[in-house]
Amino acid sequence: MKSEPDAFSIDDLQKVKIEPWDGIRNYQARNFMRDQMRIGDKVFFYHSSCAEPGIVGLMRVHSKPYPDPTAFDSGAKYFDAKSDPENPRWMMVDVKFSRKLKKPILLAELKGYSELQDMKLLQRGNRLSIMPVEEKHWLFIEGLF
DNA sequence: GCCAACGTTGGC
DNA sequence: GCCAACGTTGGC
């Protein structure tokens with residue numbers, strides 16, 4: 001799961017411990033939260049759109065999917081008039097802090113490993129802010145900690 | 001700031 | 001349903 005550190009960083013998560021991952025307005029990203037995530041699933045926290053993009057920490061899924069309340073708040077940045085509270089368009093989960101890596105694993109480093117060449121994160125043009133990680137890739141990256 | 005790669009919108 | 005225009009993401 002990606003976040004711009006200026007908006008919400010791994011340090012912010014370490015402080016608050018649990019964070020509702022709201023504001024996702026992309027159907028594919030929503031589907032991953034709504035359909036694939038289970039409580040306790042491990043998640044990489046990735047800093048994007050910054051000087052040194054990369055994996056900076058670990059967290060876990062901490063709730064079942066539920067409607068994103070910011071979609072119903074007409075004053076909120078992520079308000080969506082087309083999301084009906086009776087039939088919510090945007091679903092999200094809460095995440096819980098696990099740990100911060102001593103040293104981030106930067107995107108530039110990840111790109112260098114032949115073992116990760118087919119990883120979704122590294123595919124050309126990928127802009128998804130939430131995506132699944134294959135087990136083989138997860139295990140390889142864990143070995144880099 | 002630039003640009004590639006999408007995703008969304010809206011006219012037809 | 002098609003597709004051009006526009007908006008967004010995100011690395012560089």
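To find a chain, count down the sequence lines: A is the first, B the second, and so on, and within it residues start at 1.
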Is it true that K42(A) and E135(A) have a side-chain N and a carboxylate O under 4.0 angstrom from each other? no
Salt bridge check: are K100(A) and D11(A) linked by an N-O gap of less than 4.0 Å?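 Answer for the salt bridge query: yes.
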Check nucleotides 3-5 of chain C against the protein and report each pair of N or O atoms closer than 3.5 Å, with its distance, or say if there are none.
none

Hey, are [Y] and [X] close enough side-chain-wise for a donor-acceptor pair under 3.5 Å?
{"X": "W21(A)", "Y": "D94(A)", "result": "no"}
{"X": "E134(A)", "Y": "W138(A)", "result": "no"}
{"X": "D12(A)", "Y": "S9(A)", "result": "yes"}

Rounded interatomic separation in angstrom, taking CE from M131(A) and C1' from dC6(B):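 My rounded result for the distance is 13 Å.
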Figure out the CZ/P separation between R89(A) and dG7(B), and round it to whole Å.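 Spelled out: CZ on R89(A) to P on dG7(B) is 16 Å.
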Might you confirm whether atom NZ of K17(A) has over 12 heavy atoms from other residues, nucleotides or ligands at distances under 6.0 Å?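 It does: K17(A) NZ has more than 12 such atoms within range.
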Over 12 foreign heavy atoms within 6.0 Å of CD, E52(A):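 No - once you tally the heavy atoms of other residues, nucleotides and ligands closer than 6.0 Å, there are 12 at most.
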Using every non-hydrogen atom in the two residues, find where Y78(A) and R25(A) come nearest and quote the distance to one decimal.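 Looking at all heavy atoms of both residues, the closest pair is O-NH2, 2.9 Å.
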Quick check for you: to the nearest 0.5 Å, what is the distance between F45(A) atom CZ and L58(A) atom CG?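 Separation between the atoms: 11.0 Å.
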Strictly under 3.5 Å: I want the nitrogen or oxygen pairs between protein and nucleotides 8-10 of chain C, one per line.
residue : atom : partner : partner atom : Å
dT8(C)  : O2   : R127(A) : NH1          : 2.5
dT9(C)  : O3'  : R127(A) : O            : 3.2
dG10(C) : OP1  : K2(A)   : NZ           : 3.4
dG10(C) : OP1  : R127(A) : O            : 2.8

Stems field, DNA chain B, Watson-Crick or wobble, 3.5 Å, at least 3 pairs, by first number, holds B:1-12 with C:1-12
Specify whether F44(A) and F145(A) have parallel, tilted or perpendicular ring planes, treating 30° as the upper limit for parallel and 60° as the lower limit for perpendicular. perpendicular
